[in-house]
Amino acid sequence: MARQSISKKLRFEVFKRDSFTCQYCGRMAPDVILEIDHISPVKDGGNDNILNLITSCFDCNRGKGARKLSDNQTLKKQQEQLKLINEKREQLKLLVQWKEELDAFENEQLEIIEDLFSESTGHHFSEHGKIRIKNTIKRYGFEETLECTKISIAQYYNGSNESIEKTFDFINRICATRQKQELNPWLYKTKYIEGIIRNRFGIFNHKRLKHALEELVVSEDDYEDVKNIACDARNWTEFWTWINETYGTEY
């Protein structure tokens, strides 16, 4: 029967374990070509168990042939491998424990927000809703999500069934808006000016307006000046003309 080759995955694990170093001469890749050698030769019954595999360079592997390592060398290599495997096993246990504690902590945070929502609206989160809130917590943090839940309830819940879904949906939206406002403290006021123009003029160039407001509204005085122009102008064309004449810039 033809001898089966060692899988690439197993070869890589052995190379990693041995630090990509020949265990006979100490030379390392890429200075030498590395291969996988059997501590106990296959012809003598050796198998492909990782404890029986060792990293060897091309020259050492060819020169050694089917010659075994000494009994002391074999025992030392296997002891080192067992120690490494046990260390990896302990680290894996710690990783699993950490993940379980993290999941429990995330669930506790979710329960606090769900309890707040339920006490105010009488409704609990669906499974899909729980996933959405968890994602919001991961993105914006627990305290911010909790605060935005309070804001959404206060602003959008009015006791009707229709307002429940809206209140839930706006938790994430409020978080996103507050984050933008933190990055740009004048965002709220530029949105207010946009609202004035939208209500008064109906049709306007939203992209050009947004760009202009981001450039112009950087102080309280700027805000008042642009807001007054928006309130006094009779249409979008007049507003835009006044803006460019007042600030001497073509946006």
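Predicted model, so just to flag it, every value in this text is computed and none were measured.
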Co-membership, hydrophobic cluster, residues [X] and [Y], 4.5 Å side-chain:
{"X": "Ile36", "Y": "Met28", "result": "no"}
{"X": "Phe204", "Y": "Tyr192", "result": "yes"}
{"X": "Leu53", "Y": "Phe12", "result": "yes"}
{"X": "Ile243", "Y": "Ile197", "result": "yes"}

| said: Please evaluate residues His211 and Glu215 with respect to the criterion side-chain contact (heavy atoms from CB on, under 4.5 Å), reporting the C-alpha separation (whole Å), side-chain torsions for both, the decisive distance (0.1 Å), and the verdict. | reply: CA-CA 6 Å; His211 174 67; Glu215 294 286 333; 4.0 Å; yes

Taking the side chain as every heavy atom from C-beta outward, state whether [X] and [Y] have any pair of such atoms under 4.5 Å apart.
{"X": "Thr246", "Y": "Asp225", "answer": "no"}
{"X": "Ile131", "Y": "Glu127", "answer": "no"}
{"X": "Ile193", "Y": "Tyr223", "answer": "yes"}
{"X": "Asp59", "Y": "Val32", "answer": "no"}
{"X": "Thr21", "Y": "Arg27", "answer": "no"}
{"X": "Arg17", "Y": "Glu13", "answer": "no"}
{"X": "Phe20", "Y": "Thr55", "answer": "no"}

So how far is it from [X] [atom1] to [Y] [atom2], rounded to the nearest 0.5 Å?
{"X": "Thr149", "Y": "Phe170", "atom1": "OG1", "atom2": "CZ", "result": "14.0 Å"}
{"X": "Thr145", "Y": "Ile174", "atom1": "OG1", "atom2": "CD1", "result": "11.0 Å"}
{"X": "His124", "Y": "Glu111", "atom1": "NE2", "atom2": "CD", "result": "11.0 Å"}
{"X": "Asn47", "Y": "His38", "atom1": "CG", "atom2": "NE2", "result": "7.5 Å"}
{"X": "Lys210", "Y": "Asn205", "atom1": "NZ", "atom2": "CG", "result": "12.5 Å"}
{"X": "Thr167", "Y": "Asn158", "atom1": "OG1", "atom2": "CG", "result": "7.5 Å"}

Are more than 12 heavy atoms, taken from residues, nucleotides or ligands other than [X], located less than 6.0 Å from that residue's [atom1] atom?
{"X": "Arg139", "atom1": "CZ", "result": "no"}
{"X": "Glu214", "atom1": "CD", "result": "yes"}
{"X": "Lys227", "atom1": "NZ", "result": "yes"}

| message | Please determine whether side-chain contact (heavy atoms from CB on, under 4.5 Å) holds for the pair Leu34 and Asp18, giving the CA-CA distance in whole Å, both sets of side-chain angles, and the decisive distance to 0.1 Å. | response | CA-CA 11 Å; Leu34 298 178; Asp18 294 339; over 6 Å; no

Shortest non-hydrogen contact from [X] toward [Y]:
{"X": "Cys57", "Y": "Cys22", "value": "N-SG, 3.2 Å"}
{"X": "Ile6", "Y": "Arg11", "value": "O-CD, 3.6 Å"}
{"X": "Asp48", "Y": "Leu10", "value": "O-CD2, 3.6 Å"}
{"X": "Glu35", "Y": "Phe15", "value": "O-CE2, 3.6 Å"}

Qualifying residues under salt bridge (Lys or Arg N to Asp or Glu O under 4.0 Å), relative to [X], sequence neighbours excluded:
{"X": "Asp232", "answer": "none"}
{"X": "Lys189", "answer": "Glu220"}
{"X": "Glu144", "answer": "Arg178"}
{"X": "Glu101", "answer": "none"}

So does [Y] get a backbone contact from the side chain of [X], meaning a donor-acceptor N/O pair under 3.5 Å?
{"X": "Arg200", "Y": "Ala233", "result": "yes"}
{"X": "His123", "Y": "Thr121", "result": "yes"}
{"X": "Ser152", "Y": "Cys148", "result": "no"}
{"X": "Thr136", "Y": "Asn172", "result": "no"}

| For Phe105, which residues count as a ring-ring contact (aromatic ring centres under 6.0 Å, His included) partner, sequence neighbours excluded? | none

| said: Would you say the rings of Phe239 and Trp242 are close, in the sense that their centroids are separated by under 6.0 Å? | reply: no

| field | Ion pair Asp103/Lys134, N-O distance below 4.0 Å | value | no

| said: Using a 4.5 Å cut-off between side-chain heavy atoms of Ile, Leu, Val, Met, Phe, Trp and Tyr, which other residues end up in the same hydrophobic cluster as Ile153? | reply: Leu110, Ile112, Ile113, Leu116, Phe117, Phe125, Ile133, Ile137, Phe142, Leu146, Tyr157, Ile164, Phe168, Ile171

| request: Could you verify whether a donor N or O on one side chain and an acceptor N or O on the other, from Ser219 and Asp221, lie under 3.5 Å apart? | output: no

| message | As a quick check of understanding, evaluate side-chain contact (heavy atoms from CB on, under 4.5 Å) for Trp236 and Ile203, giving each step before the final call. | response | CA-CA 7 Å; Trp236 165 252; Ile203 299 176; over 6 Å; no

| request: Would you sort out whether Tyr24 and Asp37 count as a side-chain contact (heavy atoms from CB on, under 4.5 Å), showing the intermediate values? | output: CA-CA 10 Å; Tyr24 297 106; Asp37 186 26; 2.6 Å; yes

